[in-house]
Amino acid sequence: MASKTTAKAKPAAKRKKKGAMKGMTVKGGHKLSVKQGAGLTEKGRKAINKKTGSNLKPPAPNGKPGTKDGARKKSFCARSRGWNGERGKAARARWKC
């Protein structure tokens, strides 16, 4: 009788915690308005970091290439290229993408 090899379950990839943005509003001071450049305020970042245990940082619009901030800016600009909505475009402008 041939033995079957059992495939080990792959570890679950890091997932966003659903509902982290629930309750985050411009009026509540958690998000910036589109006119102000969209994105989160310091209050919003602290609230999400507390909820999810993440470590969100403020934008790095002047990140020089070769620095940590420069790498964050490059990464943000690359992954946000497909953001076509009003808030997405404003956030990209704020990061100077």
Side-chain angles (χ1 to χ4, degrees):
M1 188 184 265
S3 64
K4 293 182 182 178
T5 57
T6 56
K8 290 185 179 180
K10 291 182 181 178
K14 278 191 174 182
R15 295 181 188 150
K16 283 186 181 178
K17 294 192 179 183
K18 291 186 178 183
M21 288 296 292
K22 191 173 185 175
M24 301 285 165
T25 62
V26 172
K27 196 172 184 178
H30 297 102
K31 296 195 247 179
L32 293 172
S33 68
V34 173
K35 285 183 180 179
Q36 293 174 315
L40 293 171
T41 62
E42 186 175 354
K43 179 181 177 181
R45 283 191 304 274
K46 284 182 180 178
I48 288 186
N49 288 342
K50 186 176 179 182
K51 258 189 209 180
T52 63
S54 57
N55 186 22
L56 295 177
K57 295 176 181 76
N62 298 322
K64 295 178 183 170
T67 63
K68 282 187 178 182
D69 276 351
R72 281 183 45 233
K73 178 182 177 180
K74 184 178 179 181
S75 176
F76 174 82
C77 291
R79 74 173 175 270
S80 65
R81 277 202 181 101
W83 294 2
N84 298 321
E86 190 178 20
R87 290 191 66 79
K89 287 179 183 176
R92 286 180 50 79
R94 184 171 177 220
W95 278 69
K96 300 177 185 168
C97 292

To the nearest 0.5 Å, atom CZ of Arg45 lies from atom CD of Glu42 at 6.0 Å

Give me the atom names and distance for the closest heavy-atom approach of Ala38 to Ala91.
CB-N, 3.9 Å

Distance-minimising heavy-atom pair for Arg92 and Ser80:
NH1-OG, 2.8 Å

Is the ring pair Trp83/Phe76 parallel, tilted or perpendicular, if the boundaries are 30 and 60 degrees?
perpendicular

Determine whether Arg87 and Val26 make a side-chain contact, defined as any pair of heavy atoms from C-beta on separated by less than 4.5 Å.
yes

Between Lys73 and Asn62, is the side-chain hydrogen bond (donor to acceptor under 3.5 Å, both in side chains) condition met? List the steps.
CA-CA 8 Å; Lys73 178 182 177 180; Asn62 298 322; over 6 Å; no

One should read off an interatomic distance between His30 NE2 and Lys46 NZ, to the nearest 0.5 angstrom, of 12.0 Å

Within this structure, what is the CD1-CG distance for the pair Ile48 and Leu40, rounded to the nearest 0.5 Å?
5.0 Å

Are any of the side-chain heavy atoms of Gln36 and Arg94 separated by less than 4.5 Å?
no

Could you tell me which non-hydrogen atom of Glu86 sits nearest to which non-hydrogen atom of Val34, and how far apart they are?
CG-CG1, 3.6 Å

